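Because only heavy atoms are used, hydrogens play no part in the values below, and waters and symmetry mates are left out as well, while side chains stay in. Here the structure is a predicted model, which is why all the values come from computation and not from measurement. Just so we're on the same page: letters track the sequence lines, and every chain starts at 1.
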There are 2 protein chains.
Amino acid sequence: MTALDPEKRYRIGEFGALVGLSTYTLRYYEDEGLIRARRDENDQRYYTVNDIGWIGFLLHLKGTGMKLTELKQYVKWRAQGDQTIPQRRDLLEQVREASLAEIREREASLKVLSHKIDWYDGKLDHQIADNESFAEYLSQFSDQD
Amino acid sequence: MTALDPEKRYRIGEFGALVGLSTYTLRYYEDEGLIRARRDENDQRYYTVNDIGWIGFLLHLKGTGMKLTELKQYVKWRAQGDQTIPQRRDLLEQVREASLAEIREREASLKVLSHKIDWYDGKLDHQIADNESFAEYLSQFSDQD
DNA sequence: GTAACCCTTCGAGTCGACTCTAAGGCAAGC
DNA sequence: GCTTGCCTTAGAGTCGACTCGAAGGGTTAC
């Protein structure tokens, strides 16, 4: 069991590599108020393993399709304490619905794409094209190809 | 049963409303070689119900996350006839994999977001915050909030 | 007949989220 | 002592996919 030292200071470059963000992006996020970094006696930023949690959470939110502006609003509310929990909850709920809708749309599109791949596979299987059944097959998707 | 007239000519504005694209976008796609429009004796574009199929298919491909550049390549190959079927198939396959990977990532992110919503709901239920269990709960996600 | 629509070219603007450069300067490791 | 990394501010550049505007002119619908 290698225990990670909670005191270890990661400088911005090292930390960026750890969380998968460039130094540019880390500073950019800091400018935008999404994250904070502590500073050493020479004003150089440093992070600890503790900071991974929050950034990971942020990246998950971003991964749902949440925009930076929304993230900024969220962080702002968070800084205002527990009385903004309803707003934060509602924002996340709204993001969740939008994200689920996008997934559903994408899945529908993927279905069409997959059928097309299947059709290509069929066409590749037996070189003799049966254009009659092709047209029939395609009519399922209102796809003229 | 209202049969739609396959001869009916839709001008660009009407057709755009039908497929959910602006006239700008339709002309743009045409410039990019993705679609074609017939012209009347005065060089005005027109479309028929027949054109809906291809555009719908395109929009489905786009809906999987396929980029315009990829779409353009696809259309180019399509114009070259059946000998490019393997390339087209492979391109679609590649798009499919990328798209599925994105869905999986988004689903993982959504799980985190949903847990957070649940947690807010719990917190809203009983006003007395139990910070001990909160920290415990969050540690699941390596989320410091 | 007049408003609303369509045509062309061509270039500029928008949005989102970075990404990088410049300029000038400190700091740490080998 | 020199390379590499970090600091600042401020602004420019990138990518993708539109979106719009101007200019100048034809067309369609009521």
Non-neighbouring partners of B:Arg11 that pass salt bridge (charged side-chain N to carboxylate O under 4.0 Å, His left out), sequence neighbours left out
none
Looking at B:Gln44, is its backbone amide N or carbonyl O close enough to the side chain of B:Asn42 to form a donor-acceptor pair, meaning the two atoms are under 3.5 Å apart?
no
Rounded to whole Å, CG of A:Leu58 lies from C1' of C:dC18 at a distance of 15 Å
What is the minimum heavy-atom distance between A:Ile52 and A:Leu18, and which atoms define it?
CD1-CD2, 3.6 Å
Any chance you could list the contact pattern along nucleotides 19-30 of chain D? Use B for base contacts, S for sugar-phosphate-only contacts and - for none, protein heavy atoms under 4.0 Å, 5' to 3'.
SB------SS--
Carefully, step by step, assess A:Arg78 and A:Tyr74 under the rule side-chain contact (heavy atoms from CB on, under 4.5 Å).
CA-CA 6 Å; A:Arg78 197 172 83 105; A:Tyr74 180 82; 4.3 Å; yes
A:Thr48: what forms a side chain to side chain donor-acceptor pair (under 3.5 Å) with it, not counting sequence neighbours?
none
Holding to ring-ring contact (aromatic ring centres under 6.0 Å, His included), I want the full list of residues that pass it with B:Phe15, two or more places apart in sequence or in another chain.
B:Tyr47
Atom-to-atom span, CD of A:Glu70 to C1' of C:dG16 - whole angstrom
12 Å
Provide, to the nearest angstrom, the distance between the CG atom belonging to A:Leu26 and the P atom belonging to D:dT8.
13 Å
Any protein N or O atoms within reach of nucleotides 10-12 of chain C? Criterion: under 3.5 Å, listing atom names and distances.
none

Return the set of residues passing side-chain contact (heavy atoms from CB on, under 4.5 Å) with A:Glu105 (not counting sequence neighbours), or none when no residue passes.
none
Between C:dT8 and B:Arg45, is there an OP1 or OP2 to side-chain N/O distance shorter than 4.0 Å?
yes
Proximity to the side chain of A:Ile12 - top-ranked nucleotide from C:dA17, D:dC7, D:dC18:
D:dC7
Proximity to the side chain of B:Tyr29 - top-ranked nucleotide from C:dC6, D:dA17, D:dC18:
D:dC18
Within residues 52-77 of chain A or reaching into it, pairs that qualify as salt bridge (Lys or Arg N to Asp or Glu O under 4.0 Å) - sequence neighbours excluded
A:Glu32-A:Lys72
Length of the CZ-C1' vector between A:Arg27 and D:dG5, whole Å:
9 Å
Got a sec, which residues hit salt bridge (charged side-chain N to carboxylate O under 4.0 Å, His left out) with A:Arg104, two or more places apart in sequence or on another chain?
none
Looking across every strand, which nucleic acid part, if any, lies under 4.0 Å from B:Tyr46 by heavy atom: base, sugar-phosphate, or nothing?
nothing
Candidates C:dT8, D:dC6, D:dG16 - which lies nearest the side chain of B:Lys67
D:dG16
Could you identify which residues of residues 31-39 of chain B place a heavy atom less than 4.0 Å from some atom of DNA chain D, listed by residue number, or say none?
none
Taking only residues two or more places apart in sequence, or in another chain, which ones meet B:Arg36 in a side-chain contact (heavy atoms from CB on, under 4.5 Å)?
none
How long is the line joining NZ of B:Lys72 and C1' of D:dC15, in whole Å?
13 Å
Salt-bridge contact B:Arg106-B:Glu102 (side-chain N to carboxylate O under 4.0 Å):
no
Any side-chain N or O of A:Lys62 less than 4.0 Å from the OP1 or OP2 oxygen of C:dC18?
yes
Are the side chain of A:Thr64 and the backbone N or O of B:Ser109 linked by a donor-acceptor pair below 3.5 Å?
no
Assign each of B:Met66 and A:Asp43 to its nearest nucleotide of DNA chain D by heavy atoms, then name whichever residue's nucleotide is nearer the 5' end.
A:Asp43
Within residues 92-105 of chain A, those residues having any heavy atom closer than 4.0 Å to DNA chain D are none
Residues forming a side chain to side chain donor-acceptor pair (under 3.5 Å) with B:Gln94, sequence neighbours excluded
none
Rounded to the nearest Å, what distance is computed from the OH atom of residue A:Tyr10 to the P atom of nucleotide D:dC6?
15 Å
Just by distance, with hydrogens left out, do B:Tyr46 and B:Arg39 show a side-chain donor and acceptor under 3.5 Å apart?
no
